[in-house]
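Treat the numbers as computed from the prediction; the structure is a model and nothing was measured. Numbered from 1 within each chain, the chains take letters A, B, ... in sequence-line order.
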Amino acid sequence: MAYPLEVWQRAVLPREFYQRDTVAVARELLGKVLVRRTPEGVVALRLMEVEAYLGVDDPAAHTAGGRRTPRNEVMWGEAGHLYVYFTYGMHFCANVVTRAPGQPEAVLLRGGVVLWGDELVQRRRRGRGDVNGPAKLCQALALTRRENGTDLTEAGEVFLAEDGFCVPPERVLAVPRVGVEYAGAAALWPLRFVVRGFPAVGLRSDDGAEGLPSRRGAPKPR
DNA sequence: TTGCCGATTACCT
DNA sequence: GGTAATCGGCAAC
């Protein structure tokens, strides 16, 4: 097959994709391809886990209550840009900005499956190839403060693309977000979206991995 | 200017 | 399951 980078470069997600409802964007980001180019090579990741952050009315968001600081400035701007921040003194986390300017909402990129550049990922992750967790994702893709504000709709050093891969809605799990206990009731909002079977932190990894209704137990969701 | 704590991870028991 | 590592953001003093 042709070098897949060429394929992804021709299928970059347009601005309009990001300018919609944040929950819809989050759900639809699952299955999309995050492409990262550096002098070291190309890494491509199929997104399997994300979290929605709903702006000023979401106590768990950096922009909760209308907070606007140099750090979260990108969230206040145009949709389709990358918001990267530093946390815990040693980690970076990457988000995709959604909605319109003045509506500071975003989707945190938490994990995925490496489609290209596995060797490079292994090197950056010190021998590990798993990309489940926002800081691991940034490490695997070499995303740092330098990439903060990058426009993801241009096929440059970081962008998101569509390649026809489809995640059926019934394979998407909606569960509470991680590490936001301080946000009170909002910590329970089911704004974390995971593709069933993806080995995400704090989730059973054997649930419907083959797309079969394997022991769909007691409570019937929905 | 100070001080607390975080949208985490890895490694220990 | 517990916790150290490690530092910048941000609110309060």
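- Remark: C/dT6 base-pairs with no nucleotide; criterion is Watson-Crick or G-U wobble with both hydrogen-bond distances under 3.5 Å.
- Between A/Tyr3 and A/Trp116, a ring centre-to-centre spacing shorter than 6.0 Å is recorded.
- Contact annotation for A/Arg125: backbone-only contact, meaning every heavy-atom pair under 4.0 Å involves sugar-phosphate atoms and none involves a base.
- On the C1' atoms, C/dG1 is 22 Å away from B/dA7, given to the nearest whole Å.
- Salt bridge status for A/Asp58 with A/Arg177: present, with a side-chain N to carboxylate O gap under 4.0 Å.
- Taking atom CG of A/Asn95 as the reference point, atom C1' of B/dT8 lies 14 Å away to the nearest angstrom.
- A/Ala60 comes within 4.0 angstrom of a nucleotide base, judged by non-hydrogen atoms across all strands.
- Residue contacts for A/Tyr88: at a heavy-atom cut-off of 4.0 Å it reaches a base atom on one of the strands shown.
- Ring centroid separation for the pair A/Tyr53 and A/His62 does not come in under the 6.0 Å cut-off.
- Taking the ring centre of A/Phe17 as origin, the terminal cationic atom of A/Arg15 falls outside the region bounded by 6.0 Å and 45° from the ring axis.
- Of the N and O atoms on the side chains of A/Gln139 and A/Arg125, at least one donor lies less than 3.5 Å from an acceptor on the other residue.
- Summarising the geometry, the separation between NE2 on A/His91 and P on B/dC5 is reported as 19 Å, rounded to the nearest angstrom.
- With a cutoff of under 4.0 Å to any heavy atom of chain A, the contacted region of DNA chain C is bounded 5' to 3' by C/dA5 to C/dA11.
- We find that CD of A/Glu181 is positioned 13 Å from C1' of B/dC5, with the value rounded to whole Å.
- Side-chain contact, A/Thr22 with A/Arg27: no donor N or O sits under 3.5 Å from an acceptor N or O.
- Ranking B/dA10, B/dT8, B/dA7 by closeness to the A/Tyr53 side chain, first place goes to B/dA7.
- A/Arg71 comes within 4.0 angstrom of sugar-phosphate atoms only, judged by non-hydrogen atoms across all strands, and of no base.
- Residues A/Arg126 and A/Tyr182 both approach DNA chain B. Their nearest nucleotides, taken by heavy-atom distance, put A/Tyr182 toward the 5′ side.
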